[in-house]
Amino acid sequence: MASIVPEGIPDLLDSLFRAESRRILASLIRLLGDFDLAEDGMHDAFAAALEAWPRDGVPEHPRAWLVSTGRFKAIDRLRRSARFNTSLETLAELPDEGPPGPVEEDVDDDRLRLIFTCCHPALSPEACTALTLREVCGLTTEAIARAFLTAPSTLAQRIVRAKAKIRDAGIPYEIPSRAELPDRLDAVLKVIYLVFNEGYSASSGEALTRPDLSAEAIRLGRLLLELLPDPEVTGLLALMLLQESRRAARASSGGDLVLLEDQDRSRWDRALMAEGRALVEQALASRRVGAYTLQAAIAAVHAEAAEASATDWDRIVGLYTLLARVAPSPVVDLNRAVAVAMRDGPQDGLELTDALLVRRDMAEYHLAHAVRADLCRRLGRTEEALTSYRRALGLVQQGPERRFLERRVAELQK
Amino acid sequence: MKYICFGYLDVQQWSTLSPSEQNARFDACFAYDEGLKKDGHWVGGEGLQGPDTAVMVRYQNGKVSVTDGPYAETKELLGGLLILEARDLNHAIHLISNHPGLKMGPWEIRPAADLDQMIRESEQRRAASR
């Protein structure tokens, strides 16, 4: 590395920034205990490198150099700024002077710490998601706002408040102890899952998917698994990979929704599927099977069927029954009803769906009406099907799903 | 860091307990508090008498008014408060998670505000105006 010519250094720093900036930032946040100070320090460090490296040569451990320089620059900033007075105590704990030497580095751990800090249960779920995307994934505030259809100013405010709470309430930069892990890990997994879902099936808007968000979620899942090999982490990553493997087949060239049974299975990504299935098996073998692993197992059963008619619906019903026990929710019950309809016929599915539709939360859920409509359609009960499609259309918020329902209505009216 | 913890009492649940069960809860709480004191986490704390013993003092329309109250229609009443010395929020959560009082209702944990700077500035303002 030391042999790089000075002219090559801006490019080198560019690629270092792309590859390492999140890890460097995570280390600086741990060392400085302040998000914004760490961010400033990191940018100062890259600027300093641009100046120093062409003159002195590239250091042997560039990342360590950047971390310790960033820390030094941040302390410098503290000294100069008005925060000096209020930060005396913090400053007293920091070493005084000296050139950047090697810092004790544990960067992967630092990133995990940062994920757990961003996903602390004391923060609102919205704040956790926004903060994780911003600080761990490095997405810009504008990009996050776009993805969640929020005004950038609202989102920026949310992030600022979350950072302030972390500082003022004393939320530590640490991976919680074994005993506290389940709670905290749940929050982390949920944030990753939320990010993935928003990317896999945008809750509103014209596009069916937002691949950038799904890719970030998968990247986080891989990182988490590398650092914390827990069955549910394995299960979540498997679930995301299996869902992601169908991306290309899920929409027509015109951006319309293609149902699982109509998808061209040759367009499913074999590599992602194989990886996902292997992870599911690994998670199931742990014998501590949670909600993510069960959902992944269901996705794996679909992946195993060469064509839709070869799907093992009996197995899927069984997995949904288990899932309803582990993580009860009316949405799970609805999915189970669909699987029962595929196994035993639409009449059985319809009875289960009607039992669900008496719940107030389900009566407002467009997919519940869409399911009922489809089952009535298959039973030849056209009028009832049309009524339910129209109820679903009154509730749907996403373009491709609306167009799909409209097509079904048009077909039935022929 | 100091954390002020507000312990709420779930009145409905409490009223279903027999006197001996209630005593057992109290004993567990006091025993835990003794542990907090021994380990240096106890800064202070008090149990509160019932809201029917309270007065509300307000400044309204230019004068001070005193009424009874507050309006304790809620299911959960503030039963007491505890001031903890803890390393950070996770530590405070950990200490409260093990407090037997948590079985009697939820707890709210709030970090104490550091008013030193404000007090210093106020002292300067008051000295200057003297």
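Proteins come first, then strands; the chains are lettered A, B, ... in the order of their sequence lines, and each starts at number 1.
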Candidate pair A:Asp168 and B:Met1, rule side chain to side chain contact (heavy atoms under 4.5 Å, CB included), full reasoning: CA-CA 10 Å; A:Asp168 298 338; B:Met1 246 179 114; over 6 Å; no

Is chain A contacted by the side chain of [X], its backbone, both, or neither, given a heavy-atom distance below 4.5 Å?
X: B:His91; value: neither
X: B:Ile93; value: side chain
X: B:Arg110; value: neither

For [X], does the [atom1] atom sit with more than 12 other heavy atoms under 6.0 Å from it, leaving out its own atoms?
X: B:Lys103; atom1: NZ; value: no
X: A:Arg219; atom1: CZ; value: yes
X: B:Gln49; atom1: CD; value: no

Smallest separation among heavy atoms of B:Asn90 and A:Pro172, with atom names: ND2-CG, 3.3 Å

Minimum heavy-atom distance A:Ala169-B:Pro111, with the two atoms named: CA-CG, 3.4 Å

